[in-house]
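Note that these values count all heavy atoms, side chains included, but never hydrogens, waters or copies made by symmetry. Chain identifiers are assigned alphabetically (A, B, ...) following the order of the sequence lines, protein sequences preceding nucleic acid strands; residue numbering begins at 1 within each chain.
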Amino acid sequence: MTAVAVTVTVLLAVAGGLTLARIIRGPSILDRAVATDVLLAIIVTAIAAEAAYSRDATALPVLVVLAVLGFVGSVSVARFAARRNTK
Amino acid sequence: MSLDAILDIVAAVCLISGALLSLAAGVALVRFPDLLTRMHAAAKPQVLGLLLVLVGCALRLRTGVDITTLVLVGVFQLATAPVAAHMVGRAAYPHDDIRTDLLLTDELAAHLDRVGGDQGEGARV
């Protein structure tokens, strides 16, 4: 199981780095919102993989909170961007 | 081979598949040309990748309370990811974020005047 944990960690770290590059480069705020959503999905994946590796369910409520947070953040950025652009 | 070992192997396959989908989305976010194609690639880890990882996690934990929490996370993600993607796409469509030369068909074009970045007239979002 340790080899699986190392593989998953490396894959998620590379994916997170590429996503951060897109958040930094933009170009629009909606691109950044989509990339932030992906980064949050990667974080949820990492927490779930850690819980699976250590057989420890302490972190599972965090996953529920993060799922709600991603939805609210993405929708509010979309509303803000629509209002700004139509003026 | 015991049942525990088999379940662990299935869980490992699920975890690695989910991580690979996340990596694919990261590569696509850097390489794809505009917002719609990036959103298309970004949905993979948010739905399929997350469900695979949650299945892998449930196969390792195997208790009723933990599986209920994981099902809750999965159902919530399935319900909210399309809504968020729809709102982002609707906010992006009338503006310059989308490369119309890459679209095969643009079915909304007849119904919605596309607005340039600076003029800002006639937008109905």
Side-chain angles (χ1 to χ4, degrees), chain A residues 1 3-5 7-12 14-23 25 27-28 30-31 33-35 37-42 44-49 51-57 60-61 63-64 66-68 70-75 77-83 85-87, chain B residues 8 11-12 14-16 18-30 34-35 38-39 41-42 45-47 49-50 53-54 56-61 63 65-66 69-70 72-74 76-77 79-81 83-85 87-92 94-97 115 117 120 123-125:
Chain A
M1 208 62 195
V4 174
T7 312
V8 169
T9 308
V10 170
L11 290 175
L12 291 180
V14 174
L18 292 171
T19 311
L20 273 177
R22 175 53 66 193
I23 292 178
R25 276 169 57 188
S28 76
L30 290 169
D31 284 307
V34 170
D37 243 15
V38 174
L39 189 63
L40 205 69
I42 291 173
V44 170
T45 304
I47 293 175
Y53 172 65
S54 62
R55 286 186 193 270
D56 179 12
L60 289 190
L63 298 185
V64 184
L66 283 183
V68 180
F71 173 65
V72 172
S74 172
V75 165
V77 168
R79 292 300 293 169
F80 165 73
R83 194 177 304 163
N85 284 337
T86 49
K87 284 286 166 63
Chain B
D8 277 357
C14 287
L15 289 176
I16 292 181
L20 276 175
L21 281 168
S22 296
L23 180 67
V27 172
L29 278 179
V30 170
D34 73 340
L35 184 76
R38 282 179 207 140
M39 271 174 54
Q46 284 178 12
V47 180
L50 194 67
V53 170
L54 294 182
C57 197
L59 286 177
R60 283 279 288 175
L61 293 173
T63 54
V65 179
D66 301 337
T69 311
L70 293 172
L72 187 68
V73 174
F76 193 81
Q77 190 73 19
T80 57
V83 178
M87 292 200 63
V88 171
R90 199 179 67 160
H95 310 294
D96 288 342
D97 302 333
V115 186
R124 298 185 303 272
V125 181

(request) State which residue, out of B/Leu72, B/Val73, B/Leu61, B/Val65, fulfils the side-chain contact (heavy atoms from CB on, under 4.5 Å) condition with A/Leu60. (result) B/Leu61
(request) Return the option, out of A/Val44, A/Ile42, A/Leu12, A/Asp37, with the maximum number of heavy-atom pairs under 4.5 Å with chain B. (result) A/Asp37
(request) Name the region of B/Leu20, side chain, backbone, both or neither, that has any atom closer than 4.5 Å to a heavy atom of chain A. (result) both
(request) Starting at CG of B/Leu29, measure out to CG of A/Asp31 and round the result to the nearest 0.5 Å. (result) 9.0 Å
(request) Could you check which of A/Ala3, A/Pro61, A/Ala41 has the highest count of heavy-atom pairs closer than 4.5 Å to chain B? (result) A/Ala41
(message) To the nearest 0.5 Å, what is the distance between CG on B/Leu15 and CG on A/Leu11?
(response) 11.0 Å
(request) Below 4.5 Å from any heavy atom of chain B, which atoms of A/Val10 appear? Answer side chain, backbone, both or neither. (result) neither
(message) To the nearest 0.5 Å, what is the distance between CD on B/Gln46 and OG1 on A/Thr45?
(response) 10.0 Å
(request) Among B/Val88, B/Thr80, B/Val53, single out the residue with the greatest number of heavy-atom pairs under 4.5 Å to chain A. (result) B/Thr80
(message) Do the side chains of B/Asp66 and A/Arg55 get close enough for a salt bridge, i.e. N-O under 4.0 angstrom?
(response) no
(message) What's the separation between atom CG in A/Leu66 and atom CD in B/Gln77, rounded to the nearest 0.5 Å?
(response) 10.0 Å
(message) Contact between B/Thr69 and A/Val64 at the side-chain level, heavy atoms closer than 4.5 Å - yes or no?
(response) yes
(message) Only pairs of heavy atoms separated by less than 4.5 Å count here; which of B/Val83, B/Thr63, B/Leu23 has the most with chain A?
(response) B/Leu23
